[in-house]
Amino acid sequence: NAGVTQTPKFRILKIGQSMTLQCTQDMNHNYMYWYRQDPGMGLKLIYYSVGAGITDKGEVPNGYNVSRSTTEDFPLRLELAAPSQTSVYFCASSDLRVRSGYTFGSGTRLTVV
Amino acid sequence: GENVEQHPSTLSVQEGDSAVIKCTYSDSASNYFPWYKQELGKGPQLIIDIRSNVGEKKDQRIAVTLNKTAKHFSLHITETQPEDSAVYFCAASSGNTPLVFGKGTRLSVIA
């Protein structure tokens, strides 16, 4: 099993461009999450999903969109990229219950210039 | 909502010494407290967790303690080794709400 796979690993965007960060998991987990990690700030939740067709906002959703059409995939869309979105983005998944522990992907490092 | 504070932000210890990282949380409904280790260039990995009906849990050199009355929990690493050097995150959750993470502690083990 590959676990949680994120692509791309690195990306440089110009201000105003758009892109989609891909995330796929092969563990048949119902719950999926997107966090961003800024230096010294820990991990902040952007969006999460409890199953296909269901998504909800986290602490910092502005400037992002998500969709969950299948159990496996949970892409994160950035529209009109801004320098404040420069960060490392982590996708994670967990079993039906949060308390089963998260499996994280290896992250996408995004720079907006 | 939940707020998790983590201290210290950086910690240096000599190889073989113990390291302690402390976290406090604000939501008395929180009942799940995991700890994650993040090595350079990688995603966080779960190393140990504790639930609210347990006061202490140990796994080899790692232990976690929980004080629900005071709303704090701690990670203890004994006999530290250079491979323990990493960033450690605590987190908290109530029921099935997403985890709220602390800001992390960068642990350096000096050989």
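Predicted model, so just to flag it, every value in this text is computed and none were measured. Per chain, numbering begins at 1; letters A, B, ... match sequence-line order.
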Should [X] and [Y] be counted in the same cluster of Ile, Leu, Val, Met, Phe, Trp and Tyr side chains packed under 4.5 Å apart?
X	Y	value
A/Y33	A/L78	no
B/V20	B/F73	no
A/I15	A/Y89	yes
A/V4	A/F74	no

* Asked: So do B/Q45 and A/Y102 actually touch side chain to side chain, heavy atoms under 4.5 Å?
  ->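 In short, these two side chains do not touch, never coming nearer than 4.5 Å.
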* Does the side chain of A/F104 come within less than 4.5 Å of B/L46's, by heavy atoms? ->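 The answer is no, as the side chains (C-beta and beyond) never meet within the 4.5 Å cut-off.
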* Relative to chain A, which segment of B/F33 carries a heavy atom at a distance below 4.5 Å: side chain, backbone, both, or neither? ->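 Interface part for B/F33: neither.
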* Asked: Can you name the one residue among A/Y31, A/Y35, A/Y47 that meets side-chain contact (heavy atoms from CB on, under 4.5 Å) with B/P98?
  ->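 Only match with B/P98 under side-chain contact (heavy atoms from CB on, under 4.5 Å): A/Y35.
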* To do: Go through the atoms of A/L43 and report whether side chain, backbone, both or neither lie under 4.5 Å from a heavy atom of chain B.
  =>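 For A/L43, backbone and side chain are both near chain B.
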* Heavy-atom distances under 4.5 Å only: say whether A/E59 touches chain B with side chain, backbone, both or neither. =>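 Answer is neither: A/E59 stays 4.5 Å or more from chain B.
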Separation of [Y] [atom2] from [X] [atom1] (nearest 0.5 Å):
X	Y	atom1	atom2	result
A/M41	B/F101	CE	CZ	14.5 Å
B/Q38	A/F90	CD	CZ	4.5 Å
B/T97	A/D56	OG1	CG	11.5 Å

Residues, nucleotides or ligands: over 12 heavy atoms within 6.0 Å of [X] [atom1]:
X	atom1	answer
B/K37	NZ	yes
A/I54	CD1	yes
B/E83	CD	yes
A/I12	CD1	no

* To do: Under 4.5 Å, counting heavy-atom pairs only, tell me which of B/P44, B/G104, B/S9 racks up the most with chain A.
  =>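 Ranked by heavy-atom pairs under 4.5 Å with chain A, first place is B/P44.
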* Asked: Do A/Q37 and B/F89 pass the side-chain contact (heavy atoms from CB on, under 4.5 Å) test, and can you show the C-alpha distance, the side-chain angles, and the key distance before you say yes or no?
  -> CA-CA 12 Å; A/Q37 183 177 28; B/F89 292 98; 3.1 Å; yes
